[in-house]
Peer 1: 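What follows is a single structure, and I will ask about it in a moment.
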Amino acid sequence: MTYFVGIDGGGSKIEFAVSDHELHIVERFRIEQGVNPWHSGIDQTISLLHEGLNRLEKYRSETDGLVAGIAGCFNANQFRQPILNVLRSFCANADLVGDLPTGFRAVSNAKAGIVAIAGSGSSAVLFYSTGDHYLYDAVGNGGRDVGYTLAKAFERGQIAEPAKSFLADKAPSLTNGSLEKTADYYHSQEVRELPRHLAALHEDDPAFAAIKPWIDSAADRWRFKLYGMITKFGGVEKELDTFPVVLNGGLWKFEYFRQQVVNPLRAEFPHVHIVFDPAAQPVIGALRMAKDLTE
């Protein structure tokens with residue numbers, strides 16, 4: 001039997017998966033440390049890749065394709081070659097594609113479309129069927145942006161009760177002054193988890209009403225940016241009956257936020273298929289792309 005290996009790495013974890021040629025998973029595990037080399041450092045990225053691949057040693061000689069989607073590595077940069085060297089030491093037929101393509105392929109088998117990432121960070125990319133892409137980086141708020149914005153609004157006294165109590169309970173470091181630098185917010189676990197807590201709020205909750213203006217602002221940024229991308233690029237793939245827009249990342253799990261973005265776009269662009277699958281897993285997208293390498 002021969003295998004494919006998929007890797008999904010972000011700011012807080014790295015996941016490894018091995019499948020057979022029918023993409024049935026035979027082994028899978030996570031390491032709860034970040035591997036975005038811009039933030040964790042290339043030494044940690046390399047070390048964790050070695051650690052994970054060493055655990056897959058028994059598959060090395062029978063691996064036909066390997067794809068890694070590592071945050072911060074979508075385009076060519078100084079980190080690409082060192083990471084590729086590690087991947088190709090395990091499997092010669094390996095590629096480093098960043099986390100945007102794997103997030104897209106986790107949901108769609110299309111070779112063209114848009115992926116909009118709103119997780120710890122945020123970015124959006126158009127993929128052409130030719131393999132080219134067009135990147136809008138940091139197009140809208142990610143979870144860390146929302147957390148940072150709410151913390152600053154709290155400091156300025158702009159957030160009323162009971163939202164103040166909600167924030168103090170769910171993310172005390174945002175409200176007690178212990179986070180002083182932008183980097184502190186970026187690496188804070190509380191900031192990363194705040195969208196999950198917001199998503200649990202019902203729209204009738206008084207705390208939700210007090211926070212709503214900042215959520216609406218974040219949704220506006222995403223809606224306007226995606227409107228621009230779809231307007232400019234939604235007709236470039238003439239053979240597509242529908243043009244896929246894949247939403248990926250924890251902030252989209254916040255239903256109110258998601259609907260504020262999606263509903264107006266669906267009304268404006270009926271030919272566009274906007275899909276969000278909370279069960280979608282980028283490591284599965286990496287396995288699909290690993291299989292592509294052999295076809």
Side-chain angles (χ1 to χ4, degrees), residues 1-10 12-37 40 42 44-77 79-113 115 117 125 127-133 244 246 248 275 277-295:
M1 181 180 290
T2 54
Y3 304 95
F4 301 121
V5 172
I7 302 172
D8 170 50
S12 60
K13 56 83 181 173
I14 182 169
E15 184 171 9
F16 296 79
V18 180
S19 77
D20 62 19
H21 269 236
E22 300 303 316
L23 298 182
H24 299 132
I25 302 294
V26 297
E27 186 164 345
R28 183 173 179 175
F29 59 87
R30 288 166 59 115
I31 301 173
E32 301 296 337
Q33 290 180 266
V35 292
N36 184 328
S40 302
I42 187 62
Q44 178 165 304
T45 303
I46 295 297
S47 175
L48 292 172
L49 283 169
H50 278 303
E51 179 181 340
L53 291 172
N54 285 342
R55 290 174 60 175
L56 301 179
E57 180 63 32
K58 62 186 176 183
Y59 303 106
R60 181 190 295 264
S61 64
E62 296 178 298
T63 295
D64 285 342
L66 182 157
V67 164
I70 305 294
C73 298
F74 180 54
N75 286 323
N77 57 52
F79 304 121
R80 179 172 178 81
Q81 197 57 51
I83 294 174
L84 268 176
N85 290 342
V86 176
L87 302 178
R88 289 174 178 168
S89 70
F90 185 90
C91 174
N93 191 25
D95 199 9
L96 173 65
V97 299
D99 59 337
L100 291 156
T102 54
F104 182 81
R105 288 298 302 279
V107 175
S108 176
N109 277 321
K111 297 299 175 66
V115 60
I117 305 287
V125 169
F127 298 105
Y128 296 98
S129 58
T130 59
D132 296 327
H133 68 271
V246 171
N248 190 277
V275 57
D277 181 358
Q281 300 159 342
V283 76
I284 304 301
L287 287 170
R288 289 175 175 169
M289 297 186 76
K291 185 175 183 178
D292 289 347
L293 295 177
T294 66
E295 296 177 344

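Heavy atoms only: backbone and side chains are in, while hydrogens, waters and symmetry mates are out.
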Peer 1: Strictly by side-chain hydrogen bond (donor to acceptor under 3.5 Å, both in side chains), give each pair with a member in residues 81-91 just once, sequence neighbours left out.
Peer 2: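 Qualifying pairs: Q81-N85.
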
Peer 1: So which atom in A17 and which in I25 form the shortest heavy-atom distance, rounded to 0.1 Å?
Peer 2: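 Closest pair (atom of A17, atom of I25, distance): CB-CD1, 4.3 Å.
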
Peer 1: Would you name the heavy atoms of L48 and G34 that are closest together and state the gap between them?
Peer 2: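 For L48 and G34, the tightest heavy-atom pair comes out as CD1-O, 3.6 Å.
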
Peer 1: Quick one: closest heavy-atom pair of V246 and S108, and the distance?
Peer 2: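 Closest heavy-atom pair between V246 and S108: CG2-CB, 4.1 Å.
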
Peer 1: Measure across P101 and F74 and return the closest heavy-atom pair with its distance rounded to 0.1 Å.
Peer 2: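 Heavy atoms of P101 and F74 come nearest at CG-CE1, 3.3 Å.
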
Peer 1: Is a side-chain donor-acceptor pair under 3.5 Å present for Y3 with E27?
Peer 2: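 Their side chains do not contain a donor-acceptor pair, so the 3.5 Å distance test is not met.
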
Peer 1: Nearest 0.5 Å please: distance from the NE2 atom of H133 over to the OH atom of Y128.
Peer 2: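 H133 NE2 to Y128 OH: 10.0 Å, rounded to 0.5 Å.
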
Peer 1: What pair of heavy atoms forms the shortest contact from P244 to A112, and how long is it?
Peer 2: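 Closest approach of P244 to A112, heavy atoms only: CG-O, 3.1 Å.
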
Peer 1: Before you tell me yes or no, could you show the steps for C91 and V5 under side chain to side chain contact (heavy atoms under 4.5 Å, CB included), namely the whole-Å CA-CA distance, both residues' side-chain angles and the distance that decides it to 0.1 Å?
Peer 2: CA-CA 9 Å; C91 174; V5 172; over 6 Å; no

Peer 1: Heavy atoms, side chains only, cut-off 4.5 Å: are P282 and N248 in contact?
Peer 2: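 Yes; the side chains approach each other to less than 4.5 Å.
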
Peer 1: Flag the pair I14 / E51 as yes when at least one side-chain heavy-atom distance between them is below 4.5 Å, and no otherwise.
Peer 2: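 Answer no - side chains too far apart.
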
Peer 1: Under the salt bridge (charged side-chain N to carboxylate O under 4.0 Å, His left out) rule, collect the residues that match up with E32, sequence neighbours excluded.
Peer 2: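 R30.
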
Peer 1: Taking the side chain as everything from C-beta on, heavy atoms only, tell me whether D8 gets closer than 4.5 Å to Q281.
Peer 2: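 In short, these two side chains do not touch, never coming nearer than 4.5 Å.
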
Peer 1: Who passes side-chain hydrogen bond (donor to acceptor under 3.5 Å, both in side chains) against E295, sequence neighbours left out?
Peer 2: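 Result, side-chain hydrogen bond (donor to acceptor under 3.5 Å, both in side chains) vs E295: none returned.
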
Peer 1: Check whether any side-chain heavy atom of C73 lies under 4.5 Å from a side-chain heavy atom of I83, and answer yes or no.
Peer 2: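 A side-chain contact under 4.5 Å exists here.
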
Peer 1: By salt bridge (charged side-chain N to carboxylate O under 4.0 Å, His left out), which residues pair with R60, not counting sequence neighbours?
Peer 2: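 By the salt bridge (charged side-chain N to carboxylate O under 4.0 Å, His left out) rule, R60 matches E57.
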
Peer 1: T294 and D64: side-chain donor and acceptor closer than 3.5 Å?
Peer 2: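 There is no such pair (donor and acceptor under 3.5 Å, judged by atom type) between the side chains of T294 and D64.
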
Peer 1: Do D95 and R80 meet the salt-bridge criterion of a basic N to acidic O distance under 4.0 Å?
Peer 2: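 So R80 pairs with D95 through a salt bridge.
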
Peer 1: Is there side-chain contact between I70 and F79, with at least one heavy-atom pair below 4.5 Å?
Peer 2: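 In short, these two side chains do not touch, never coming nearer than 4.5 Å.
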
Peer 1: Quick one: pull up CZ in R288 and CG in D292 and give me the separation to the nearest 0.5 Å.
Peer 2: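 That separation rounds to 10.0 Å.
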
Peer 1: Is there a side-chain contact between V86 and T45 in this structure, where contact means two heavy atoms from C-beta onward sitting under 4.5 Å apart?
Peer 2: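 No, too far: nothing below the 4.5 Å cut-off.
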
Peer 1: Listed by chain and number, what are the ring pair (Phe, Tyr, Trp, His ring centres under 6.0 Å) partners of H21, not counting sequence neighbours?
Peer 2: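 H21 satisfies ring pair (Phe, Tyr, Trp, His ring centres under 6.0 Å) with F4 only.
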
Peer 1: With sequence neighbours left out, write down each residue that passes ring pair (Phe, Tyr, Trp, His ring centres under 6.0 Å) with F90, or none if nothing qualifies.
Peer 2: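 Once residues adjacent in sequence are excluded, F90 has no partner under the ring pair (Phe, Tyr, Trp, His ring centres under 6.0 Å) criterion.
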
Peer 1: Quick check on side-chain contact (heavy atoms from CB on, under 4.5 Å): which of V97, V283, N93 does V67 satisfy it with?
Peer 2: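 Testing V67 for a side-chain contact (heavy atoms from CB on, under 4.5 Å) against V97, V283, N93 leaves exactly one candidate, V97.
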
Peer 1: Distance check, rounded to the nearest 0.5 Å: M1 atom CE versus E62 atom CD?
Peer 2: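 If I round to the nearest 0.5 Å, the distance is 9.0 Å.
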
Peer 1: Taking the six-membered ring of F29 as reference, does the cationic atom of R55 (NZ for Lys, CZ for Arg) lie under 6.0 Å from its centre and within 45° of its axis?
Peer 2: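 Yes, cation above the ring, under 6.0 Å and within 45°.
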
Peer 1: Taking C-beta and beyond as the side chain, do L53 and L66 meet within less than 4.5 Å on heavy atoms?
Peer 2: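 They are in side-chain contact.
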
Peer 1: Going by heavy atoms in the side chains, are L87 and I7 under 4.5 Å from each other?
Peer 2: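 Sidechains of I7 and L87: in contact.
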
Peer 1: Test L293 against M289 for side chain to side chain contact (heavy atoms under 4.5 Å, CB included), laying out the working first.
Peer 2: CA-CA 7 Å; L293 295 177; M289 297 186 76; over 6 Å; no

